[in-house]
Amino acid sequence: MEDIIISTLQRAMVAGTPLLLATTGEVICERSGILNLGVEGVMAMGAVVAFMVTMTTGNPWLGVLAALAAGMMFSIIHAFASVTLQANQVVSGLAMTMLGLGFSGMLGKSYVGKPLSIKMEDWVIPYLSDIPWLGKILFSQGPFFYIAIFLALAAWFFLEKTRLGIQIRSTGENPKATETQGVNVFKLKYLSVITGGGFSALAGAHLSISYSKSWIEGMTAGRGWIAIALTIFALWNPARAIWAAFLFGGIFVVQYLLQPLGISPNFLAMLPYLATLLILLLISLKDPKKLNAPAMLGEPYKRGER
Amino acid sequence: MKKIQRLEMRSISKSFHGIPANQDINLFIESGEILGLLGENGAGKTTLMNILYGLYQPDSGQIKINDKTIRINNPVESITHGIGMVHQHFMLVQNHSVIENIALAYKDTPFFFPNAKIKNKVEQFSKNFDFHIDLTKKVWQLSAGEQQRVEIIKALLNGADLLILDEPTSVLTPREIKELIFILREMKAKGHMIIFISHKLDEIMDICDRVMVLQKGKIVGSADTKNTDKNSLARMMVGRDVVFNTTREKLTKGKKTLAVENIKVIGDKGRRVVKNISFELFENEIFGIAGVSGNGQRELAEAITGIRPIFSGKVKMNGKDITNKSPRHIYDNGVSHVPEERIRFGIAPGLYLFDNAILKQHHLKKFSNWYFLNYSQIKNHTRTIVKKFKVSTHSINNQIRNLSGGNIQKLILGREISEQPQLLVASHPTYGLDVGATEFLREHLLELRKQGSAILLFSEDLEEIFELCDRIAVIFDGEFMAVLDSDDKQFSDIGLMMAGSKRIDPMEKQK
């Protein structure tokens, strides 16, 4: 019994890792006022690029770097459409998802079904990993797990405790006021969208070179959409995204556990979205101001319109 | 030592799309001085200040600080020159705390831990000027007066020696106004200079050392407040002697249609913007409400037509209570409405002309049958309006957004009076229209009056008010300063009434 619980929790951490990475990225992006529905597409791009590069070079870290670069470059499309062209962000984001899924499928055609023999070693933290239960769950995981948590904490620190963070958040709340204080709102929006894209691509890289160690078209399987839901669930706070992501990772794992007991996996797959709706409802009922959604999220900012 | 001892603007001109907003304006201000900029809405006060703040570039003219010519390309440059501005609509992030807003604006905010590191400095600073604000509160939790103080702190912290305040009292309660005046005097004593924009004479006389009056983009006069009085300022601001129109046909007024009894209305910001207003309106009469916009006109019009709830008081149409009834109910009781912002509230821009021609009348028997619209009837009706009101369009199957403002307004007026309303509420019906369209619409209003309707006309244009109205009320800060017949000699002081400096009690008039 003990083993089952420990291994379940351990796998929940693994399943939650890509969610955390993508959610952190989306939080940064949305905090600057840009809604990016293209997470799924960027993730797929990250996954295929990481897999291809790792396969050819034999170095998973090169794969990670390549995925990061690809995700950031790919996100420029969304930044250009929504910031420079002031296009509808929903439309642009959906196009990104479709483009990313399709393009990644095309790129990775010859890699489908090939197993990856290179393994990323788990980082077993000395001493801490000897703690009963927690040691196995939290301190002997793959590198992505630690990277994801570190990046989420760093993102929280940057958004809340630095001048740049205040500027990014102000941009999402009131770009006009921010601009009159001499902040280049357009640059910050670009920066946030591109950084967010990099995070999504890292999530994809985790899926293909660490989690499943193979590539197949559509392997992101809706995780990008869950990340968007998680962004709301975490109330646009990267620190809160940490436990939210692992909670949802847990739901992922439980799907497989409960299947033999006759509970439909479809029902469980629905849970993350249901939980998000519920949280939104509860907070809205209590105090809509607490929802913390960036006030100008999704609104194109036109300079000089007064 | 102050960065700015003397600031001068020399022959500044600026126009937008060929329409001059500022023409050849000269202005100067010196250390320790409060300069008032007085003028009606649209006189060019804000444009002039936005030029000084670097938001606009002047077409010609120059700005000099301490006799050195400078260029101000953007607000940041303006701030480094020592200029600060408190906009009429505050530039604050509502969801952020006070300290975060200040950290965003302050030019020496450190990169790491900005809030914690500037906290002491801000606290010290606000103590100097006797501000009491909880820095951890979110901006939306503050009153308008407190928000304004945050704006002032932002400007002063960046070393503003010249502070521009755009209509600073328009959102404040009387007590907050007193506090603001106290702060401004304090700043003056410390050697700051202040440009104070307002259209309220009393405040200008009370606060400023010197005042300049703008009218239609030009300086029409300036004076030391010591050597002038409200009367001459008011005359300068309005800019013309009131002329009495005689072309309007004399009609005897018919029976009472509308009665408004002691109504109070709450504005968007939660303040009471219509305070205890009562009046009556009769058939064959045009009743005008004059005043600088933003003094409760919009809310009053919306309250009568059912768009905005009435806090207390009663509105009766032909003796029937229509207080807080639905707009449809009120319309069916004979009240039509030509709204203030015609594009936003008067039409559905993406729909065709014929759809727009029946926006409030689709439920009438002649236009619909059960759930189906009778389009042939509707199109005929539209053609009639288009013809009668000379709406210039190539087809009624045209999206209304493609029409010019004047033609849109003609269609709206045509729609609103096609059912012979007993009362028409018209808000700024000719605002922004060319001379031809304006005359045309005015003729139609007079025609409607002749046919026996009552018209409630809101306008900032005094010429229009005096040309059309039988009786006129002057509104200021949600109250009537006077209700008089339009040929009453006391209207020579209408400038004072519009600025809230003169009030004629209705009781006194009857004596």
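Throughout, protein chains are lettered first and strands after them, A, B, ... in sequence-line order, and every chain is numbered starting at 1.
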Visitor: Please check if the number of heavy atoms outside Tyr431(B) that lie under 6.0 Å from its OH is greater than 12.
Guide: no
Visitor: Any non-hydrogen side-chain atom of Leu55(B) less than 4.5 Å from a side-chain atom of Thr180(A)?
Guide: yes
Visitor: Taking everything shown except Lys161(A) itself, do over 12 heavy atoms lie less than 6.0 Å from its NZ?
Guide: no
Visitor: What is the distance from atom CG of Asn174(A) to atom CE of Met91(B), rounded to the nearest 0.5 Å?
Guide: 7.5 Å
Visitor: Please round to the nearest 0.5 Å and tell me the distance separating atom CG of Asn95(B) and atom CZ of Arg169(A).
Guide: 10.5 Å
Visitor: For chain A, find its close neighbours in residues 104-113 of chain B: heavy-atom separation under 4.5 Å, sorted by number, or none.
Guide: Leu104(B), Ala105(B), Tyr106(B), Lys107(B), Thr109(B), Pro110(B), Phe111(B), Phe112(B), Phe113(B)
Visitor: Under a 4.5 Å heavy-atom cut-off, does chain A meet the side chain of Asn115(B), its backbone, both or neither?
Guide: side chain
Visitor: Given the options Gln167(A), Glu173(A), Glu160(A), Arg163(A), which has more heavy-atom pairs under 4.5 Å with chain B than any of the others?
Guide: Arg163(A)
